[in-house]
Amino acid sequence: MLVDTHCHILPGIDDGSPNIATSTRMLEMERELGIEKIMLTPHFYLSEEKTIDHFLEKRAGAIEQFAPVAAQLGLEVKYGAEVLYTKSLADLDLTKLCIGDTGYMLIELPYQRLTSNFINEFRSFVGGLSPDIRLILAHAERYLNYTDEDSIYEIMDSDMIVQLNSGDFKMFYKHSKFMYDLLRRNLAHLLGTDCHNTTSRPPNIDVAEKAISKKISPRCFSKLNHNAEKVFEGRSL
Ligand SMILES: [Fe+2]
């Protein structure tokens, strides 16, 4: 049984699934891959939403259509968000954006060079968070398009749980070395599909399963999934 920790399957809420028909197909695809538990993490951009309550109202509308389909397919789901970091998050009650009742919140960094000023600002944000919240850094490998490895390591140092995208384990991905280094050093903890649709960004946990089992070990893949189960249940890793 597998767990997806990051996806955009809720219909009509972000740049993920546009409608319930696509969401249904995506859920079927997840099911075919052996995924039985899913954390739904639509994008939360404070600059667009203005308030968390506005986002939650919108999300509730999507859940109304989505929940019966997920239940029919026998999937267990929890609702959260993929929260884009911005300084003003510090003024908000972020427990509302955590994944279900778990206390885990998925956070995405801005796509820019992560300067030492930014890193300091981020660290003080993390330091000021309620002790009930634990941050999961979304797809650590993707920031390498904008910044250097050291800056990502520094961000990870602030007690972050680190998630990697399963599709980025495809052959010849330019940041593979970084991803395998993290796994070998036990610095990456979770896999997520970050699926947005059924075509260009589909559910594809099998890509990671094959690559990690071959390059590291099947046990490493199982460990990542075991961590995801713990997160889903709100237990600590
Ligand atoms: Fe995402």
Side-chain angles (χ1 to χ4, degrees), residues 1-11 13-17 20 22-44 59 62-63 65-83 97-108 134-142 161-170 179 182-183 188-213 218 220-235 237:
M1 190 278 296
L2 302 177
V3 182
D4 191 357
T5 66
H6 178 170
C7 69
H8 301 268
I9 308 183
L10 275 183
I13 187 168
D14 60 6
D15 60 342
S17 168
I20 191 66
T22 306
S23 301
T24 304
R25 184 63 201 124
M26 290 169 83
L27 288 179
E28 287 166 355
M29 290 167 84
E30 294 266 74
R31 199 84 178 72
E32 284 156 20
L33 291 167
I35 291 169
E36 291 180 18
K37 294 182 181 177
I38 306 178
M39 307 180 208
L40 285 304
T41 52
H43 289 289
F44 174 83
R59 196 185 66 178
I63 291 173
Q65 297 180 64
F66 174 87
V69 179
Q72 204 167 23
L73 288 167
L75 294 160
E76 266 188 74
V77 294
K78 286 199 177 173
Y79 302 103
E82 177 179 13
V83 181
L97 294 176
C98 287
I99 299 161
D101 51 359
T102 66
Y104 287 100
M105 188 180 96
L106 184 67
I107 195 158
E108 174 180 41
R134 291 231 36 207
L135 295 183
I136 301 173
L137 178 64
H139 41 57
E141 74 281 8
R142 303 193 99 204
I161 292 171
V162 173
Q163 180 255 316
L164 304 174
N165 275 5
S166 55
D168 288 340
F169 284 92
K170 65 189 173 203
M179 298 169 83
L182 291 184
L183 288 176
H189 314 97
L190 298 172
L191 288 173
T193 64
D194 197 8
C195 59
H196 279 65
N197 52 48
T198 59
T199 51
S200 58
R201 298 184 73 181
N204 52 10
I205 200 125
D206 52 327
V207 172
E209 184 167 10
K210 271 186 215 133
I212 295 170
S213 301
C220 176
F221 178 79
S222 310
K223 172 85 170 109
L224 293 166
N225 192 57
H226 188 57
N227 286 340
E229 281 183 61
K230 284 185 173 171
V231 169
F232 194 88
E233 286 159 18
R235 292 191 283 145
L237 297 190

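For the pair K37 (side chain) and V77 (backbone), a donor-acceptor distance under 3.5 Å is absent. A donor-acceptor pair is defined here as one N or O able to donate and one able to accept, closer than 3.5 Å; such a pair exists between the side chain of T41 and the backbone of C7.
Geometrically, K210 does not engage F169 in a cation-pi contact, judged by NZ or CZ lying under 6.0 Å from the ring centre and within 45° of the ring axis.
For K223, the NZ atom is loosely surrounded, since the number of other residues' heavy atoms within 6.0 Å does not exceed 12.
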Applying side chain to side chain contact (heavy atoms under 4.5 Å, CB included), run through L137 and I161 and close with a yes or a no.
CA-CA 6 Å; L137 178 64; I161 292 171; over 6 Å; no

For T193 and N204, what are the C-alpha separation, side-chain angles and deciding distance, and is it a side chain to side chain donor-acceptor pair (under 3.5 Å)?
CA-CA 6 Å; T193 64; N204 52 10; 5.5 Å; no

Go through S17 and T22 one step at a time and tell me if the side chain to side chain donor-acceptor pair (under 3.5 Å) criterion holds.
CA-CA 6 Å; S17 168; T22 306; 4.6 Å; no

List the steps, then state whether side chain to side chain donor-acceptor pair (under 3.5 Å) holds for N165 with H139.
CA-CA 5 Å; N165 275 5; H139 41 57; 5.0 Å; no

Set out, in order, the CA-CA distance, both residues' side-chain angles and the distance that settles side chain to side chain donor-acceptor pair (under 3.5 Å) for Q163 and H189, then state yes or no.
CA-CA 6 Å; Q163 180 255 316; H189 314 97; over 6 Å; no

Checking side chain to side chain contact (heavy atoms under 4.5 Å, CB included) for the pair M39/V3: CA distance, chi angles, key distance, verdict?
CA-CA 8 Å; M39 307 180 208; V3 182; 3.9 Å; yes

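Using a 4.5 Å heavy-atom threshold, the side chains of R201 and C195 count as separate. Side chains of F232 and N227 form no contact here, defined as non-hydrogen atoms less than 4.5 Å apart. Residues L190 and V162 form no side-chain contact, since every pair of their non-hydrogen atoms from C-beta on lies 4.5 Å or further apart. H43 places a side-chain heavy atom less than 4.5 Å from the side chain of D15.
Using cut-offs of 30° and 60° on the angle between ring planes, the pair F66 and Y79 is perpendicular.
Heavy-atom minimum distance, H196 versus M26: C-CE, 3.4 Å. Minimum interatomic distance between T199 and P202 (heavy atoms only, all atoms of both residues): O-CD, 3.2 Å. Nearest heavy atom pair, residue T5 against residue G192, reads OG1-CA, 3.5 Å. For the residue pair T24 and L73, the shortest heavy atom distance occurs at O-CD1, 4.4 Å. When every heavy atom of L10 is checked against every heavy atom of P42, the shortest pair comes out as CD1-CG, 4.0 Å. When all heavy atoms of Y104 and L237 are compared, the closest pair comes out as OH-N, 3.8 Å.
Here R59 pairs with nothing under the salt bridge (charged side-chain N to carboxylate O under 4.0 Å, His left out) rule; sequence neighbours left out. For R25, the salt bridge (charged side-chain N to carboxylate O under 4.0 Å, His left out) partners two or more places apart in sequence, or in a different chain, are E28, E32.
For the atom pair OG (S166) and CD1 (I35), the distance works out to 7.5 Å, reported to the nearest 0.5 Å. One finds the NZ atom of K78 at 9.5 Å from the CD1 atom of I99 (value rounded to the nearest 0.5 Å). Expressed to the nearest 0.5 Å, how far SG of C98 lies from CG of L135 amounts to 8.5 Å. Taking OG1 of T102 as the reference point, atom CZ of R134 lies at 11.0 Å (rounded to 0.5 Å). Separation of atoms CE (M29) and CG (D206) is listed at 9.0 Å; rounding is to 0.5 Å. Atom CG of D194 is separated from atom CD of E82 by 5.5 Å, given to the nearest 0.5 angstrom.
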